[in-house]
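Here is the structure we will look at.
Small disclaimer: the values here were computed from a predicted structure and weren't measured. Here, residue 1 is the first one in the sequence, and each next residue gets the next number. The analysis underlying the following values was restricted to heavy atoms, covering all of them including side chains, and did not include hydrogens, waters or symmetry mates.
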Amino acid sequence: MDLTVIWAFIIAFAVFAYVVMDGFDLGIGILFPTFQVGSERDRAMNSIAPVWDGNETWLVLGGGGLMAAFPLAYAVILPATYPLIIAMLLGLVFRGVAFEYRWRDPNHRQFWDAAFTGGSLIAAMAQGMTLGALLQGIEVVDRAYAGSWFDWLTPYTLLTGLGTVAGYALLGATWLVWKLDGTGQAKARQLGKISALATILLMGAVSLYNLVLNAEYAERWMTAPEIYFAAPVPILTAIVAVALIRSLKAERHSKPFWLSLALFFFGMAGLGVTMWPYVVPPGVTIWDAAAPEKSQIFMLIGVAITLPLILAYTAWAYWVFRGKVGDEGYH
């Protein structure tokens, strides 16, 4: 297989791993105000305390991999989305600081709880709007970004931002359904039903918007023979969505979370079908943006060593802290 294609799948995998792993703890932050002050909030936060910072490893891998394997794409996407990237990083900083300080500074816990929620919401919204800015197209002239400071701010990017917030809230709610019991689990289940409905509706809205956003996107989804290859994605997405709603009504524990991950997987698969082979729509393909072949080979050796290690320690951490979260906590 073409090395450039391999690297495209590595970056896509890192992004997906980040979205689903950091997504559920961002989702818990978004839903945090709905939980009662005291035991409910403490248990919700303790459910992610052992793993939340390790989840961000995938953000580093995705961003660093993009810079190394597709330097032209990195050089174009970053200037086009600087305000969003800065907002995301500040949100992640506030969330991380608040996560620790709410336990060590109980006199200001209300402030730190608000910072935890605000940082999570800002980071999620910024990530979704960055995706929207990429999908709607970035103006490139002479291999450099040629747009303005606010090209990323459109109704479409606001829609993708809201969709990401809803999706992360769904991941957070279904994670808590799995990890909590009693009243906390019951509340998480209700939040999961609301978040699932919002996520499904917003995914549908973004998909329909894509058909009018770019003629090439519409051609890929609506004309033969491309439609025959693309059709399984929305069909499987609909099946997973129905199964997710049913699992939340049937009072399952872990099943809603796994179905939420499947919903994200097919959503990202749909985005892949929409964008391929562009890394910066509408004109920069993965081959245009790729690093030299020797550089790709050198980096691939490093990834072949480090990626299994990352997967192993991540799996080990989740295994060690498996099971329901009681009143005793990580802190």
Would you please test Leu92 and Arg95 for side-chain contact (heavy atoms from CB on, under 4.5 Å) and show each step? CA-CA 5 Å; Leu92 292 175; Arg95 180 192 65 154; 3.8 Å; yes

Yes or no on side-chain contact (heavy atoms from CB on, under 4.5 Å) for Ile286 and Met275, after CA distance, side-chain angles and deciding distance? CA-CA 10 Å; Ile286 59 173; Met275 289 180 60; over 6 Å; no

Could you go through Asn210 and Ser207, starting from their C-alpha distance and side-chain angles, then the distance that decides it, and tell me whether this counts as side-chain hydrogen bond (donor to acceptor under 3.5 Å, both in side chains)? CA-CA 5 Å; Asn210 283 341; Ser207 299; 5.3 Å; no

Verdict with supporting geometry, Asp2 and Trp287, side-chain hydrogen bond (donor to acceptor under 3.5 Å, both in side chains): CA-CA 10 Å; Asp2 187 339; Trp287 295 281; 2.7 Å; yes

Start with the C-alpha distance between Val284 and Tyr278, add both sets of side-chain angles, then the distance that settles side-chain contact (heavy atoms from CB on, under 4.5 Å), and finish with yes or no. CA-CA 6 Å; Val284 180; Tyr278 299 107; 5.9 Å; no

Between Asp22 and Trp58, does the side-chain hydrogen bond (donor to acceptor under 3.5 Å, both in side chains) criterion hold? Intermediate values first, please. CA-CA 9 Å; Asp22 207 33; Trp58 299 103; over 6 Å; no

Working for side-chain contact (heavy atoms from CB on, under 4.5 Å), residues Asp25 and Tyr168: CA-CA 8 Å; Asp25 57 63; Tyr168 284 178; over 6 Å; no

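Here Asn214 pairs with nothing under the side-chain hydrogen bond (donor to acceptor under 3.5 Å, both in side chains) rule; sequence neighbours left out. Scored by the side-chain hydrogen bond (donor to acceptor under 3.5 Å, both in side chains) test, Trp221 finds Thr274 as partners (sequence neighbours excluded). The ring-ring contact (aromatic ring centres under 6.0 Å, His included) search around Phe111 returns none, not counting sequence neighbours. Residues forming a side-chain hydrogen bond (donor to acceptor under 3.5 Å, both in side chains) with Tyr217 (at least two apart in sequence, or on another chain): none. Among residues two or more places apart in sequence or in another chain, the side-chain hydrogen bond (donor to acceptor under 3.5 Å, both in side chains) test is passed with Thr130 by none. Scanning for salt bridge (Lys or Arg N to Asp or Glu O under 4.0 Å) contacts around Glu216 gives Arg220, with sequence neighbours left out.
In this structure, Arg322 is positioned above the aromatic face of Trp319, its NZ or CZ under 6.0 Å from the six-membered ring centre and within 45° of the axis. In this structure, Arg102 is not positioned above the aromatic face of Phe116 in the sense of NZ or CZ being under 6.0 Å from the six-membered ring centre and within 45° of the axis.
Between the OG1 atom in Thr160 and the CG atom in Leu271 there is a gap of 9.5 Å [rounded to 0.5 Å]. Considering CH2 of Trp152 and OG1 of Thr81, their distance stands at 10.0 Å, rounded to 0.5 Å. Interatomic distance, OH of Tyr101 versus CZ of Phe94, reported as 12.5 Å (0.5 Å rounding). Here CG of Leu131 is found 8.0 Å from CE of Met268. Values are rounded to the nearest 0.5 Å. Expressed to the nearest 0.5 Å, how far CG of Leu66 lies from CD1 of Ile11 amounts to 6.0 Å. Going from atom CG of Leu170 over to atom CG of Leu244 covers 5.5 Å, rounded to the nearest 0.5 Å.
Under the 4.5 Å side-chain criterion, counting only non-hydrogen atoms from C-beta, Leu171 is in contact with Leu261. With contacts defined as side-chain heavy-atom distances shorter than 4.5 Å, the pair Met45/Trp103 qualifies. Contact check for Leu263 versus Leu259: no side-chain heavy atoms found under the 4.5 Å cut-off. Using a 4.5 Å cut-off on side-chain heavy atoms (C-beta onward), Lys255 and Thr174 make no contact. Taking 4.5 Å as the limit, every side-chain heavy atom of Met67 sits out of range of all side-chain heavy atoms of Leu78. Considering only heavy atoms from C-beta on, Ile10 comes within 4.5 Å of Trp7 through its side chain. In this structure, the side chains of Val242 and Val240 stay at 4.5 Å or more apart for every pair of heavy atoms. Residues Glu40 and Thr183 form a side-chain contact, since some pair of their non-hydrogen atoms from C-beta on lies under 4.5 Å apart.
Residue Leu31 comes nearest to Gly172 through the heavy atom pair CD1-C, 4.3 Å, listed as atom of the first residue, atom of the second, then distance. When every heavy atom of Lys179 is checked against every heavy atom of Phe321, the shortest pair comes out as NZ-O, 3.0 Å. Between Ala146 and Val141, the shortest heavy-atom distance links the atoms CB-CG2, 3.5 Å. Heavy-atom minimum distance, Leu248 versus Arg189: O-CD, 3.2 Å. Shortest non-hydrogen contact noted between Ile30 and Thr117 is O-CG2, 4.3 Å. In terms of heavy atoms, Val303 sits closest to Pro308 at O-CD, 3.8 Å.
Follow the hydrophobic side-chain contacts under 4.5 Å out from Ile85 and you never reach Val93; the two are in separate clusters. A single hydrophobic cluster is seen to contain both Met88 and Leu153, as judged by linkage of ILVMFWY side chains at heavy-atom distances under 4.5 Å, directly or through other members. In the hydrophobic cluster analysis, where Ile, Leu, Val, Met, Phe, Trp and Tyr join through side-chain heavy atoms closer than 4.5 angstrom, Val19 is grouped together with Phe265. By the rule that hydrophobic residues join a cluster once side-chain heavy atoms approach within less than 4.5 Å of another member, Ile77 and Trp276 end up as members of one cluster. Residues Leu90 and Val97 do not share a hydrophobic cluster, clusters being chains of Ile/Leu/Val/Met/Phe/Trp/Tyr side chains in contact below 4.5 Å.
Between Trp175 and Trp178, the ring planes are perpendicular. Angles over 60° get that label, and only those under 30° would be called parallel. Ring geometry for Trp149 versus Tyr82: interplanar angle of 30 to 60°, hence tilted.
Under 4.0 Å is where a charged nitrogen must lie from a carboxylate oxygen, and between Asp288 and Arg143 no such pair does.
At a cut-off of 3.5 Å, with distance as the only test, a side-chain donor of Tyr18 or Gln127 sits close to an acceptor on the other residue. Judged by distance alone, the side chains of Thr157 and Gln136 never bring a donor and an acceptor atom under 3.5 Å apart.
The local environment of CZ in Phe298 is sparse, with at most 12 non-hydrogen atoms from other residues, nucleotides or ligands closer than 6.0 Å.
With hydrogens and angles disregarded, no donor-acceptor distance shorter than 3.5 Å links the side chain of Ser295 to the backbone of Ala291. Here the side chain of Lys193 pairs no donor or acceptor atom with the backbone of Ala188 at under 3.5 angstrom. In this structure, the side chain of Arg41 engages the main chain of Phe35 through a donor-acceptor pair within 3.5 Å.
Applying the ring pair (Phe, Tyr, Trp, His ring centres under 6.0 Å) test between Phe24 and each of Trp258, Phe264, Phe257 identifies Phe257 as the sole match.
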